[in-house]
*Asks:* 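Got a structure for you, written out below as structure tokens; questions coming shortly.
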Amino acid sequence: MTASTRLAVEVQDCRLRLGSVSAEDIVFQLSEFRVGQDEQVALTGPSGCGKSTLLNLVAGLRKPDTGEINVQGTDLGRLSPSSLDTFRGRTMGFIFQSFNLLDTFSALENVMIGMRFGRAYPSAKYKERAVALLERVGLQRRLHIRPTRLSVGERQRVAIARAIANQPALLLADEPTGALDPATASEVFMLIRDVCQEEKCALLLVTHDLSLATQLPRQVDCLNLVKHIAKIEVTS
């Protein structure tokens with residue numbers, strides 16, 4: 001099947017065995033899921049329901065046992081590991097709850113290092129783009145400060161700048177406000193939403209906070225993605 005290039009994400013008939021307990025297999029199942037270009041979607045539901053698994057499948061960090069996942073019209077299952085890494089770097093941006101910044105480098109250097117993976121800009125333009133983005137997220141006076149000297153909110157702002165530095169078509173955010181206090185979480189959430197609109201990239205965001213999720217145009221309840229299925233024993 002050829003995926004429509006008008007879709008940022010298209011998932012068809014995905015199944016992934018996550019493990020087993022007693023006489024049951026724990027299985028992630030999703031028959032159909034689509035995200036349009038520039039669309040902003042919140043993935044909600046309790047811990048363990050499959051939100052992060054779906055995000056990892058879309059990112060190509062996990063491979064389904066069966067089914068097909070297309071991002072920007074490309075079937076991830078048809079890419080070699082090296083091609084998938086290259087595609088991910090050029091097409092997707094990531095924001096994590098734990099920031100994943102390099103503590104020995106400044107905010108500016110963290111964003112510039114991230115740009116090497118996407119190669120959306122010539123190296124001579126890295127600094128100009130990184131400075132502009134850090135100014136956009138309100139860190140114009142913190143460019144040369146290392147993450148260990150930044151507040152948690154400032155660290156997440158650096159992570160946002162790094163995630164969009166290569167102009168990704170799709171931004172994946174896994175509980176990006178989970179480590180923040182409510183006021184800072186609201187500010188960071190609005191920043192992510194606004195930056196995605198400005199950069200014209202689709203957003204797939206995992207959150208437990210329904211008050212934030214409902215501020216996005218679309219919410220998807222992931223409650224039934226993970227199922228416990230009785231094992232079928234084959235006897236001769």
Side-chain angles (χ1 to χ4, degrees), residues 3-11 33-43 51-52 54-62 69-76 79 81-102 107-123 125-137 139 155-177 188-207 216-218 220:
S4 170
T5 56
R6 290 176 295 179
L7 292 172
V9 176
E10 185 171 16
V11 177
F33 177 68
R34 292 184 173 91
V35 178
Q37 300 282 7
D38 304 347
E39 189 176 11
Q40 298 187 357
V41 181
L43 301 178
K51 303 185 301 296
S52 293
L54 174 55
L55 208 69
N56 288 332
L57 286 166
V58 171
L61 298 174
R62 300 196 71 169
I69 299 173
N70 293 275
V71 176
Q72 290 296 113
T74 296
D75 181 354
L76 301 186
L79 298 178
S82 61
S83 295
L84 179 57
D85 288 342
T86 299
F87 179 79
R88 187 187 297 116
R90 293 179 178 175
T91 309
M92 307 178 204
F94 298 86
I95 304 175
F96 307 95
Q97 179 177 342
S98 57
F99 319 126
N100 287 5
L101 299 176
L102 301 173
L108 178 60
E109 290 167 334
N110 266 276
V111 178
M112 292 175 64
I113 290 170
M115 294 179 72
R116 295 178 183 177
F117 297 99
R119 300 179 182 176
Y121 291 85
S123 57
K125 295 288 186 179
Y126 283 4
K127 185 174 182 179
E128 179 183 345
R129 170 73 170 167
V131 168
L133 288 173
L134 287 168
E135 290 177 347
R136 169 63 187 86
V137 300
L139 296 178
R155 284 180 233 169
Q156 197 59 295
R157 288 171 182 266
V158 175
I160 293 169
R162 180 186 59 188
I164 63 171
N166 287 309
Q167 290 187 309
L170 174 65
L171 184 65
L172 302 172
D174 194 359
E175 292 285 357
T177 62
V188 167
F189 176 83
M190 288 188 290
L191 179 61
I192 293 172
R193 183 191 63 188
D194 293 346
V195 164
C196 283
Q197 290 176 342
E198 294 166 11
E199 295 286 322
K200 294 180 169 44
C201 67
L203 171 64
L204 194 54
L205 181 143
V206 168
T207 183
L216 293 186
R218 179 181 165 204
V220 175

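Since the model is a prediction, treat every value here as computed from it, not as a measurement. Residue numbers count from 1 along this sequence. We use all heavy atoms of the structure for the numbers below, so side chains are in, but hydrogens, waters and symmetry mates are not.
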*Asks:* For Ser123, give me all partners under side-chain hydrogen bond (donor to acceptor under 3.5 Å, both in side chains), at least two apart in sequence or on another chain.
*Replies:* none
*Asks:* Could you give the distance from CG (Leu216) to CG (Leu43), rounded to the nearest 0.5 Å?
*Replies:* 10.0 Å
*Asks:* Start with the C-alpha gap between Ile192 and Leu171, add the side-chain angles, then the distance that decides, and say whether side-chain contact (heavy atoms from CB on, under 4.5 Å) holds.
*Replies:* CA-CA 9 Å; Ile192 293 172; Leu171 184 65; 4.1 Å; yes
*Asks:* For Glu199, give me all partners under side-chain hydrogen bond (donor to acceptor under 3.5 Å, both in side chains), at least two apart in sequence or on another chain.
*Replies:* Arg129
*Asks:* Residues in side-chain hydrogen bond (donor to acceptor under 3.5 Å, both in side chains) with Asp85, at least two apart?
*Replies:* Arg88
*Asks:* Between Ala163 and Pro168, which heavy-atom pair has the shortest distance, and what is it?
*Replies:* O-CG, 3.5 Å
*Asks:* Can you check whether Gly114's main-chain N or O pairs, donor with acceptor, with Asn166's side chain at less than 3.5 Å?
*Replies:* yes
*Asks:* Just jot down the side-chain hydrogen bond (donor to acceptor under 3.5 Å, both in side chains) partners of Arg193, sequence neighbours excluded, or say none.
*Replies:* none
*Asks:* Side chain to side chain contact (heavy atoms under 4.5 Å, CB included) with Thr86: which residues, sequence neighbours excluded?
*Replies:* Arg90
*Asks:* Using 0.5 Å steps for rounding, measure from the CG atom of Leu172 to the CG atom of Leu55.
*Replies:* 4.5 Å
*Asks:* Applying salt bridge (Lys or Arg N to Asp or Glu O under 4.0 Å), can you list everything that pairs with Arg157, at least two apart in sequence or on another chain?
*Replies:* Glu187
*Asks:* Taking the side chain as every heavy atom from C-beta outward, state whether Phe33 and Leu57 have any atom pair closer than 4.5 Å.
*Replies:* no
*Asks:* Residues in salt bridge (Lys or Arg N to Asp or Glu O under 4.0 Å) with Lys125, at least two apart?
*Replies:* Glu128
*Asks:* Would you compute the distance between atom CG of Asp174 and atom CG of Leu54 and round it to the nearest 0.5 angstrom?
*Replies:* 10.5 Å
*Asks:* Quick one: list whatever passes side chain to side chain contact (heavy atoms under 4.5 Å, CB included) with Ala165, sequence neighbours left out.
*Replies:* Val111, Met115, Leu133
*Asks:* To the nearest 0.5 angstrom, please state how far the CE atom of Met112 sits from the CG atom of Leu134.
*Replies:* 10.5 Å
*Asks:* Does any non-hydrogen side-chain atom of Val35 lie less than 4.5 Å from one of Val58?
*Replies:* no
*Asks:* Under the side chain to side chain contact (heavy atoms under 4.5 Å, CB included) test, which residues partner Asp38, sequence neighbours left out?
*Replies:* Lys200
*Asks:* Cut-off 3.5 Å, no hydrogens considered: what does the side-chain donor-acceptor table look like for residues 91-99, sequence neighbours left out?
*Replies:*
residue: Thr91; atom: OG1; partner: Phe87; partner atom: O; Å: 2.8
residue: Ser98; atom: OG; partner: Asn100; partner atom: OD1; Å: 3.0

*Asks:* Would Arg162 and Leu101 count as a side-chain contact (heavy atoms from CB on, under 4.5 Å) if you check the C-alpha gap in whole Å, the side-chain angles of each, and the deciding distance to 0.1 Å?
*Replies:* CA-CA 9 Å; Arg162 180 186 59 188; Leu101 299 176; 3.5 Å; yes
*Asks:* Quick check for you: to the nearest 0.5 Å, what is the distance between Leu170 atom CG and Gln37 atom CD?
*Replies:* 9.0 Å
*Asks:* Can you list the residues that meet the side chain to side chain contact (heavy atoms under 4.5 Å, CB included) rule with Arg34, with sequence neighbours excluded?
*Replies:* Leu7, Glu10, Gln12, Glu32
*Asks:* Could you pull out all residues at least two apart from Arg136 that satisfy salt bridge (Lys or Arg N to Asp or Glu O under 4.0 Å)?
*Replies:* Glu198
*Asks:* Mind checking the OG1-CG spacing from Thr177 to Leu205? Nearest 0.5 Å is all I need.
*Replies:* 7.0 Å
